[in-house]
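Encoded as structure tokens, the structure appears first; notes follow it.
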Amino acid sequence: MSFTAIIGGTGLTELKNLDITHKEMVNTPYGSPSGPLTFGKVAGNDVVFLARHGHRHTIPPHKVNYRANLWALKEAGVKRVIAVAAVGGITKSMWPERIVIPNQIIDYTWGRSQTFFEDDLSFVTHVDFTHPYNQELRQILLSSASELQLNPYDGGVYAATQGPRLESIAEVNKLERDGCDIVGMTGMPEAALARELDLKYVTCALVINWAAGKDGDNIISLQEMEKYLESGMAKIRAVLEAALPRVVDVV
Ligand code: HPA
């Protein structure tokens with residue numbers, strides 16, 4: 001069986017449209033994943049769901065065991081990963097509630113275990129990361145969201161910051177000068193670890209706030225973020241339902 005995994009982020013600790021068949025607590029050489037792997041079907045399609053921040057949203061971005069998460073999914077027979085992520089919008093087309101399917105990423109995180117290739121090596125390994133996201137999966141998410149009239153943004157650079165705090169205005173301005181369009185805290189090392197394990201990986205991002213300084217003098221309101229999370233995640237669930245039957249062809 002070749003499974004599709006959905007890694008749910010903030011606002012998506014469970015998949016309401018998932019008919020659960022069983023859950024598995026697994027262990028890996030890198031420790032425990034964020035929670036059990038939840039197997040089931042979304043609209044008839046086999047999926048494995050994993051809540052990145054834990055079932056009760058208790059694991060902050062810098063404490064997520066990304067290696068255990070990806071390793072557990074690979075061991076379960078997963079071939080492709082759809083990573084859902086809430087982000088801040090930096091450039092002008094990245095307004096709150098917009099769905100963005102980024103095509104590039106810059107890593108600003110530090111101190112996270114970011115590779116499987118470090119101990120007991122027989123040779124040093126460098127994986128190609130020219131295109132961090134799988135292009136076929138990107139196109140499927142984009143067409144699924146477009147058919148639902150959701151006006152997704154095609155492309156954009158994801159800035160992966162350390163968190164858990166949000167950024168200062170100067171930091172966001174720097175990210176913008178670097179060419180970043182959206183900012184989140186979990187995109188790395190997740191994308192790179194997926195590549196190391198030869199998993200096809202795509203990010204489905206939902207903008208839930210303007211990044212610091214991008215909304216006039218307003219500071220970021222957690223209440224507003226939650227509002228956009230709730231309405232936006234309903235859209236993401238619809239996109240996933242539409243996309244899942246099509247992604248099985250990506251092998
Ligand atoms: N910055 C970093 N991560 C985020 C943001 C943000 O503004 N919004 C949601 N995740």
Side-chain angles (χ1 to χ4, degrees), residues 6-13 34 50-54 56-64 66 69 82-112 114 132-133 141 145 150 152-153 155-192 201-237 239:
I6 296 169
I7 300 183
T10 302
L12 199 74
T13 49
S34 300
L50 177 61
R52 185 188 286 116
H53 300 285
R56 286 176 15 262
H57 203 262
T58 48
I59 310 170
H62 62 295
K63 293 279 192 185
V64 170
Y66 295 95
N69 285 354
I82 303 175
V84 178
V87 298
I90 299 175
T91 48
K92 67 177 188 318
S93 306
M94 306 293 159
W95 54 78
E97 227 180 308
R98 191 154 203 199
I99 291 174
V100 182
I101 314 297
N103 61 359
Q104 282 295 328
I105 191 162
I106 300 180
D107 189 4
Y108 299 93
T109 69
W110 46 270
R112 303 182 182 188
Q114 49 169 1
Y133 302 109
L141 287 181
L150 293 176
Y153 190 86
V157 180
Y158 178 119
T161 55
Q162 177 71 355
R165 65 166 177 81
L166 296 163
E167 297 72 33
S168 68
I169 292 178
E171 285 169 335
V172 170
N173 288 341
K174 175 193 152 142
L175 298 179
E176 186 168 19
R177 285 195 300 277
D178 280 357
C180 299
D181 297 288
I182 52 177
V183 53
M185 301 173 189
T186 56
M188 287 294 277
E190 198 171 85
Y201 182 92
V202 68
T203 286
C204 185
L206 172 71
V207 182
I208 59 165
N209 60 283
W210 284 110
K214 294 297 171 191
D215 186 22
D217 288 336
N218 293 336
I219 60 164
I220 297 173
S221 141
L222 293 187
Q223 249 172 349
E224 286 243 310
M225 285 167 108
E226 268 163 33
K227 184 184 90 189
Y228 288 121
L229 255 184
E230 208 169 294
S231 49
M233 283 302 162
K235 295 179 181 172
I236 298 266
R237 277 193 282 269
V239 173

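Atoms within each ligand, like the ligands themselves, are counted from 1 in listed order. Numbers here are sequence positions counted from 1.
- Proximity of a side-chain donor or acceptor of His53 to a complementary backbone N or O of Thr58 within less than 3.5 Å is not detected.
- Separation of atoms NZ (Lys174) and CD (Glu167) is listed at 12.0 Å; rounding is to 0.5 Å.
- The CZ atom of Arg98 sits 6.0 Å away from atom OG of Ser93, with the distance rounded to the nearest 0.5 Å.
- Judged as a side chain to side chain donor-acceptor pair (under 3.5 Å), and not counting sequence neighbours, Asn173 has no contacts.
- Separation of atoms CZ (Arg112) and OG1 (Thr186) is listed at 7.5 Å; rounding is to 0.5 Å.
- At a heavy-atom cutoff of 4.0 Å, ligand 1 is surrounded by Ala86, Val87, Gly88, Leu166, Glu167, Val183, Gly184, Met185, Ile208, Asn209, Met225.
- From Met185, atom CE reaches atom OG1 of Thr161 across 5.0 Å, with rounding to the nearest 0.5 Å.
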